[in-house]
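Here the structure is a predicted model, which means the values were calculated and not measured. Each chain gets a letter, A, B and so on, in the order the sequences are listed, and its residues count up from 1.
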Protein chains: 2
Amino acid sequence: MDVDTRLLRYFAAVAEEGSLTGAAETLFVSQPALTKQIRRLEEDLGVRLFARSRSGMALTEAGRELALRVPALLDGWDETVQATGRAARVLRLGFLDAGAVGGVPEVIAEFRRAQPEWRVELRQFDWSDPSAGLARGEVAAAVVRLPFPGQERFTVRELFAEERGVLLSARHPLVNSETVEFWELWDEPFVAAGAGTGAWRGHWLAAEERDGHPVRVGAVTSLPDEWLGAVAGGCVALAPASAARFYSHPDVVFRPVRGVSPSRVGLARPRGRTHEAALDQLLEAIACRLTGS
Amino acid sequence: MDVDTRLLRYFAAVAEEGSLTGAAETLFVSQPALTKQIRRLEEDLGVRLFARSRSGMALTEAGRELALRVPALLDGWDETVQATGRAARVLRLGFLDAGAVGGVPEVIAEFRRAQPEWRVELRQFDWSDPSAGLARGEVAAAVVRLPFPGQERFTVRELFAEERGVLLSARHPLVNSETVEFWELWDEPFVAAGAGTGAWRGHWLAAEERDGHPVRVGAVTSLPDEWLGAVAGGCVALAPASAARFYSHPDVVFRPVRGVSPSRVGLARPRGRTHEAALDQLLEAIACRLTGS
DNA sequence: CCACGTCCATGCCACCAGGTTATAGAAGCA
DNA sequence: TGCTTCTATAACCTGGTGGCATGGACGTGG
């Protein structure tokens, strides 16, 4: 019997979440799509995996058996993807925002001169996956913003921290302040990441620094341009200081904010995997550069 | 990154075969379809897996790495499918032709009375897969015709052997003989299984009992009805004696043949897998019944 | 030297799997 | 009773996947 690993990830999400609706949200697909897929998986296997009820989906015994084994299968596949990349002398790195990887391209250029047989690919991921491709085994390592959900599955080396500020529409009244107090923003409509990103979304809404004041979400985006667009459209968004340098937009201005924690940038890689000397070397060089800056 | 296990099987076939054309044949897909799929796999991985040449496809280093790991992944999935079935108290058995499984349905009925919590499914496979679903992990055990390709990967218990004869069109001149000598059939157009079945196909063309006389293939089929249809249409086909009882067709007659080996029927299961007492019991009962008959 | 065979690649078309939105149905809860 | 929160169903759209026919590269044999 054949399956798509995507279907296994769907299953794992539903099993963990205990509900189609919830899992659909974290997976960024519609609930009917999940309903259909899970049903198809059951049909293909010829086995009932969930007991449906008004309150959600509970695993059957067969479902538990499957849930027990799926993570290892997915890990095995992800590991295989990485190994294949290594064999082809390809190092893939993920990142989320240009600010975090500032000097990395230069480091890569240098590395390429030292190790010409290796090819380095730097790939940007959108904010639907705060692990920048690590979670799905798409990259060997990633420059990430800490903390991110699922972080405990990886080895993370913190590189530096930078102050966070706010991006405002140029027509926003607070533009006139040199520095903004965070409480001044509490009632503003914020740009948020997708709901699937859990605590990461919360961190960028500074949910913990609001003294319990509720969050107003004005837009949900997952790409830089959408993000800036939403700000130009009147929303506000917390952003690392580097965003001011890397993302410029005629109608958007950056202001430092007092009262929010800084953003920490780290280098993450799967834990306990085969070590590749070239990757170690590249990561070391990146760490040196970014820590220094 | 996500893949369909089907795609991995495709890759494995091409890697082993060393050519798209050859692999396409054994997989029963067109060569362009394979070309496209392999290329897509390479694109998804961002890595070249094969070096193309006029003489075929040679694995690159990355390809070898992948080829090294894929079998374990596929086995892992197949094993998971089986485990899930066991957890749901389902026993799936495969078979190819009604003749080989003669009394099995009764055995199953009996088993169901003894073990009412288990569900037994008896599934027929077509001749594109002589392992009756074992090769793709679709069944926990299968009643097969020996020998079959890939047999060494399974534990096989031989149950009985039956004489082989020939199916002829009712209008065929040899119908008048009580018994046919095999050499009389050497120049007849035979019905064959797909080319992907290798030695199994050869066995049913009795390639080794022809004294080097070439085979004439008149039709390629993979299902009983097509098979009988081809015979009615003027081809001939070797068939086990039981076929005379189980497959009747107004324009087709069965005649014993002298000079071909008998067909051996066996019970096969994956080797070295977790043992399930209920499955052992069922297989034991089937073995008793079929050996006795 | 040319004709042929044998590879893989490409273009075009048909079909279905997989996604989306809208909506229905069932069941707790205020 | 009405609201909320689940899952299931329906209708529709798109893109992936496969099939056929064909092209192009290259070695081989007459």
Open item on the list: Can you confirm whether or not the ring centre of B:Trp204 sits under 6.0 Å from the ring centre of B:Trp127?
Closed with: no

Task: Residues A:Arg201, A:Glu25: salt bridge by 4.0 Å N-O rule - done: no

TODO: Round to the nearest Å and state the distance from B:Glu17 atom CD to C:dT6 atom P.
DONE: 15 Å

Task: Length of the CE-P vector between A:Met57 and D:dT5, whole Å - done: 19 Å

Task: Between D:dG16 (C1') and B:Leu41 (CG): distance, integer Å - done: 15 Å

Task: Per-nucleotide protein contact string for nucleotides 11-27 of chain C, where B marks a base within reach and S marks sugar-phosphate only (heavy atoms under 4.0 Å, - for neither) - done: -B-----SBBBB----S

Task: Test: A:Asp78 and A:Arg136 ion pair at under 4.0 Å - done: no

TODO: May I ask you to check if B:Arg9 and B:Phe28 form a cation-pi contact, with NZ or CZ under 6.0 angstrom from the six-membered ring centre and within 45° of the axis?
DONE: no

TODO: Taking only heavy atoms on the protein side, list every residue of residues 43-53 of chain A lying under 4.0 Å from any atom of DNA chain D, sorted numerically.
DONE: A:Arg52, A:Ser53

TODO: Determine: side-chain N/O of A:Thr21 to OP1/OP2 of D:dT7, distance under 4.0 Å, yes or no.
DONE: yes

Task: Distance, nearest 0.5 Å, that separates CZ of A:Phe50 from CZ of A:Arg64 - done: 11.5 Å

- [ ] Apply the side chain to side chain donor-acceptor pair (under 3.5 Å) test between A:Thr35 and each candidate in A:Gln37, A:Arg39, A:Gln31; give the one that qualifies.
- [x] A:Gln31

Open item on the list: Please determine whether a side-chain nitrogen of the Lys or Arg among B:Arg89 and B:Glu117 lies less than 4.0 Å from a carboxylate oxygen of the Asp or Glu.
Closed with: no

Task: d(CD1, A:Ile38; P, D:dC6) in whole Å - done: 17 Å

TODO: Could you check B:Asp251 against B:Ser169 for side-chain hydrogen bond (donor to acceptor under 3.5 Å, both in side chains), going step by step and ending with a plain yes or no?
DONE: CA-CA 6 Å; B:Asp251 303 325; B:Ser169 155; over 6 Å; no

Task: Nearest-Å distance for atom pair CG/C1', residues B:Leu20 and D:dG19 - done: 16 Å

- [ ] Measure the distance from CZ on B:Arg39 to C1' on D:dT17 and round it to the nearest whole Å.
- [x] 15 Å

